[in-house]
Structure formats: C-alpha cells, structure tokens
Amino acid sequence: TFPMKLWLLVNSPCVRSVRWDARGEGLFIDQGLFEQELLSVGPRAAGEEELFKTKNFGSIVRQLNLYGFHKLTVNPASSAIASAIGSTPVPATAGGDTSYADGPLHHFWNPHFRYDRPDLLIKIKRLTKANKEKLDAGLEVTSRLPDDLQ
C-alpha cells in the first residue's frame, strides 16, 4: 500500500529525499531529490522495479492527500531539523547549511504515521466514497498490516 511504501522509504538509509521530522510525527519530502531518486525517468538498474507508477510529483502529493496526510507550512529556518530521527543528515554544503539542497521542501503529517508506531499504519486508509461514508457515520476504517509488520 502507499502508506507502507512511505514507511519503508522514510526508514531506508538509502533514501535521502524522504525523512522524519524532528519529533518523528511527520515527514519532510525534498521534491527535487525525490524526483531524481524515486521518480527518475532515466535508465534503471537490472531488476530494479518502479516504486511508483507515476513520474509526476503532483500525483504523489495527491496520493498523500487521499491517504489523509496534511501539508504543513515549512519554516525555512528550521528545515535543518529535517535530518532528524531515523535518517542520516544530508552532508553539509559549501555554505555549511545542512538543510535540503534541491527543494522545495514539503512537510506532511498524518496522526497515524509515526516513527515509533508502525502498528498505526493499518489505520491509514485511502479516502474512497465508501470509506468517507463510514468515517462520517463515526465508524472505524482499517486495513490489514502486511505480514512482516504483524
């Protein structure tokens, strides 16, 4: 599922474009780096699969919105904290700045997407008409966790 892909990306030491925020309750996405790393139109290594079916960053943002992620305002002065929990900091640039180099920087939040709570991922559901009706009626909408996280 899309939330599971995000979880794996933000926790991967190989991915530099998606990181936890300082509190581990949201994620920062460096759009330029994300497009290079994960939406690249260039040749792929043998056996390397496409992670997303799109090359358009706007489609990724749409998926985030469909899964209940909200965009937060990024404070440029605090963007250096993007190199927080669960990931390695970006190497300092010539100016000594440790914030993202490629930008723009996007900050997304979902109450069920947290560094220390992979068990909450089952509560993140795609907002379909049926799910919206359940939520409006006060019913819970969940999905099953993949076997490797149970």
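- Between Leu38 and Ile60, every side-chain heavy-atom pair lies at or beyond the 4.5 Å cut-off.
- For the residue pair Glu37 and Ser17, the shortest heavy atom distance occurs at OE1-OG, 2.6 Å.
- The minimum heavy-atom distance linking Leu120 with His112 is given by the pair CB-O, 3.3 Å.
- Across all their heavy atoms, Pro3 and Ile124 have their closest contact at CG-CG2, 3.5 Å.
- A donor-acceptor pair under 3.5 Å is formed between the side chain of Asn110 and the backbone N or O of Tyr67.
- Put simply, Phe2 and Leu8 are part of the same group of oily side chains (I, L, V, M, F, W, Y) that touch within less than 4.5 Å, one to the next.
- In this structure, NE2 on His70 lies 8.5 Å from CG on Asn65, to the nearest 0.5 angstrom.
- Taking CG from Leu105 and CD1 from Ile29, the interatomic distance works out to 9.0 Å, rounded to the nearest 0.5 Å.
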Can you list the steps and then say if Leu6 with Phe108 is a side-chain contact (heavy atoms from CB on, under 4.5 Å)? CA-CA 11 Å; Leu6 270 183; Phe108 289 96; over 6 Å; no
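- The minimum heavy-atom distance between Leu9 and Val15, with the atom names listed, is O-CB, 3.6 Å.
- Here the CD atom belonging to Glu35 is positioned 11.5 Å from the NZ atom belonging to Lys55, to the nearest 0.5 angstrom.
- Taking the side chain as every heavy atom from C-beta outward, Val10 and Phe113 approach each other to under 4.5 Å.
- Between Thr54 and Leu39, the closest heavy-atom pair is O-CD2, 3.3 Å.
- Heavy-atom minimum distance, Tyr115 versus Trp7: O-CH2, 3.2 Å.
- Atom CD1 of Ile122 is separated from atom OG1 of Thr1 by 11.5 Å, given to the nearest 0.5 angstrom.
- The aromatic ring centroids of His106 and Phe34 lie 6.0 Å or more from each other.
- You'll find the side chain of Trp109 reaches within 4.5 Å of the side chain of Pro111, heavy atoms only.
- By the 4.0 Å N-to-carboxylate-O rule, Asp116 lies close enough to Arg114 to be salt-bridged with it.
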